[in-house]
Amino acid sequence: MKRYALLFVCLFPSIALAKFIHPMDFDGSDAQKQEVIDYIQTKVKENYCEGPIDMCQESMLRMMEKQNLKAFKQASEATDRTIMDQVVNDYCRSGIDMCDYNTINMMYQQNLKAAGEKLEW
């Protein structure tokens, strides 16, 4: 088992090192800033270079990285922990792999808005 874990780390070092930081757990430290950057770079490359979407161009990668970082910064200012936790669980810890900060921030904003609405005739 240890051999397989070591093989995984050697073959996929950026994925193994990239750690998702929950936006509301962000403490602003340099270490966490670097972890967020590493995660964003890994996730963007995975989505645009190694997945079904073949848009692996440097300009596209940088644009999406910047967009994800902006979304993370916005999400780190979230105020409703319950809604944010549900979004993170739905998009990061379920069967679907949509765990990027763009999606998390967008869905947090949509759910926050919907929580304050009621169906009316």
- Message: To check you understand the geometry: which heavy-atom pair defines the closest contact between Met84 and Ala75, and what is its length?
- Response: CE-O, 3.6 Å
- Item | Minimum-distance pair of heavy atoms, taken over all atoms of Ile104 and Val88 | CG2-CG2, 4.4 Å
- Nearest heavy-atom approach of Asn68 to Ile40 is CB-CG2, 3.6 Å
- Message: Would you say the rings of Phe72 and Tyr39 are close, in the sense that their centroids are separated by under 6.0 Å?
- Response: no
- Using distance alone, with no hydrogens and no angle criterion, decide if Asp30 and Gln34 have a side-chain donor and acceptor under 3.5 Å apart. no
- Task: Assess whether salt bridge (charged side-chain N to carboxylate O under 4.0 Å, His left out) is satisfied between Asp85 and Arg93, documenting all intermediate values.
- Result: CA-CA 10 Å; Asp85 286 347; Arg93 298 181 181 126; over 6 Å; no
- Do the non-hydrogen side-chain atoms of Met64 and Asn47 ever get within less than 4.5 Å of each other? no
- Do Pro23 and Asn105 have side chains that get closer than 4.5 Å, going by heavy atoms? no
- May I ask you to decide whether Lys73 forms a salt bridge with Glu77, counting only side-chain N to carboxylate O separations under 4.0 Å? no
- Message: Just verifying a value: how many Å separate His22 NE2 and Arg81 CZ, rounded to the nearest 0.5 Å?
- Response: 4.0 Å
- Message: Taking the ring of Phe20 and the ring of Tyr101, is the distance between their centroids below 6.0 Å?
- Response: yes
- Item | Heavy-atom side-chain proximity of Asn102 to Met106 below 4.5 angstrom | no
- Main-chain N/O of Lys19 paired with Glu35 side-chain donor or acceptor, under 3.5 Å: no
- Message: If the test is side chain to side chain contact (heavy atoms under 4.5 Å, CB included), which one of Glu65, Met60, Lys43, Met63 qualifies with Tyr48?
- Response: Met60
